[in-house]
Structure formats: structure tokens, C-alpha cells
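Below is one structure, written out as C-alpha cells, with a few remarks after it.
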Amino acid sequence: MSVLVFLLSLGTVCRVTRFITKDALAAGFRTRVAGRFGDDSQPAYLVSCGWCVSVWVAGAVTALAYWAGQETWFQAGTTVLTLSYLTGLASSWLD
């Protein structure tokens with residue numbers, strides 16, 4: 001795995017983890033999981049804990065990077081997600 005693919009994969013894991021655990025667009029998903037299993041259950045915790053979600057996201061992204069890391073579509077998609085994450089960080093630092 002090249003350094004570029006590694007860094008893009010890292011940014012992708014950060015962004016997708018943030019999306020699942022914090023973003024308003026995924027709030028319905030988190031609410032459904034909590035409603036189905038209860039707020040104190042392991043499945044509800046697994047969609048609200050960044051550390052927990054990142055393990056699963058990293059596993060999926062790593063497998064995809066290994067399989068398609070040199071493909072243009074993979075690098076384009078991970079670049080978009082990485083730039084989105086970095087823009088969010090910069091925005092919160094500048095506010």
C-alpha cells in the first residue's frame with residue numbers, strides 16, 4: 001500500500017466514522033438502532049462510539065484499499081471524503 005493510499009484511507013475512515021457517530025444526516029439511523037435495542041445496549045453504543053465504529057470502518061476501508069487502492073475511482077472517492085474531513089476540522093478550528 002502506498003503512502004498516498006494509506007493517507008487517503010485514513011481520511012476516509014475519519015470522515016465515515018464521523019458521519020455515522022455525529023452527523024445530523026445519520027441521526028435517523030442512530031435513533032433507529034437505539035430505539036430497536038435500547039439506549040444502553042451494545043448495538044446502540046456501537047453506532048455512537050467513535051472508537052467502536054472506527055474499527056469496523058477501518059476494516060472495510062483497508063480491505064477495499066488492498067483490493068482497489070491503485071484504482072482511480074477509489075482514489076477519487078477517498079480524496080473527496082478526506083478533503084471533507086479536513087475542511088470540517090479547519091472550519092471548527094477557524095470558528
Side-chain angles (χ1 to χ4, degrees):
M1 181 182 302
S2 71
V3 173
L4 174 65
V5 171
F6 172 78
L7 292 174
L8 291 174
S9 296
L10 176 62
T12 298
V13 170
C14 291
R15 182 63 188 107
V16 172
T17 299
R18 170 90 183 165
F19 177 79
I20 293 170
T21 60
K22 304 286 183 199
D23 282 0
L25 290 175
F29 168 71
R30 291 189 305 274
T31 301
R32 280 193 300 261
V33 170
R36 170 76 169 94
F37 296 102
D39 288 329
D40 296 334
S41 72
Q42 289 293 0
Y45 185 71
L46 285 175
V47 295
S48 62
C49 169
W51 289 103
C52 304
V53 171
S54 68
V55 171
W56 298 104
V57 173
V61 171
T62 300
L64 192 57
Y66 179 78
W67 175 65
Q70 300 306 316
E71 299 289 332
T72 303
W73 62 265
F74 176 83
Q75 291 182 7
T78 55
T79 297
V80 168
L81 291 169
T82 299
L83 290 175
S84 172
Y85 183 73
L86 292 174
T87 301
L89 283 178
S91 176
S92 65
W93 287 339
L94 294 173
D95 284 344

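Computation of the quantities below employed the complete heavy-atom set of this structure, encompassing side-chain atoms and omitting hydrogens, waters and symmetry-equivalent molecules.
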**Message:** With rounding to the nearest 0.5 angstrom, report the OG1 to CG distance, T79 to L7.
**Reply:**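 Output value for this atom pair is 10.5 Å.
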**Asked** Which distance, rounded to the nearest 0.5 Å, do you find between the CD1 of I20 and the CZ of R30?
**Response** 9.5 Å
**Asked** Which heavy atom of T82 sits nearest a heavy atom of T12, and at what distance?
**Response** OG1-N, 3.5 Å
**Item:** Heavy-atom closest pair, residues Q75 and G69
**Value:** NE2-O, 3.0 Å
**Request:** Look at the side chain of R15 and the backbone N and O of T78, then say whether any donor-acceptor pair between them is shorter than 3.5 Å.
**Result:** no
**Message:** Tell me whether T87 contacts the main-chain N or O of L83 through its side chain, where contact means a donor paired with an acceptor under 3.5 Å.
**Reply:**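 Checked: pair present.
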Determine whether [X] and [Y] fall in the same hydrophobic cluster, where Ile, Leu, Val, Met, Phe, Trp and Tyr are linked whenever their side-chain heavy atoms lie under 4.5 Å apart.
X	Y	value
V13	L25	yes
V16	V33	yes
M1	W73	yes
V53	L64	no
F19	V47	yes

**Request:** Please assess L8 against F74 for the test side chain to side chain contact (heavy atoms under 4.5 Å, CB included), listing each intermediate value before the final yes or no.
**Result:** CA-CA 9 Å; L8 291 174; F74 176 83; 5.5 Å; no
**Request:** May I have the step-by-step check of side chain to side chain contact (heavy atoms under 4.5 Å, CB included) for V3 and F6, ending in yes or no?
**Result:** CA-CA 5 Å; V3 173; F6 172 78; 5.5 Å; no
Please list every donor-acceptor pair under 3.5 Å in which a side-chain atom of residues 54-63 meets a protein atom from a residue at least two apart or in another chain.
from: S54; atom 1: OG; to: G50; atom 2: O; distance (Å): 3.2
from: S54; atom 1: OG; to: W51; atom 2: O; distance (Å): 2.9
from: T62; atom 1: OG1; to: A58; atom 2: O; distance (Å): 2.7

**Message:** Through direct or indirect side-chain contacts below 4.5 angstrom among Ile, Leu, Val, Met, Phe, Trp and Tyr, which residues connect to L86?
**Reply:** Y85, L89
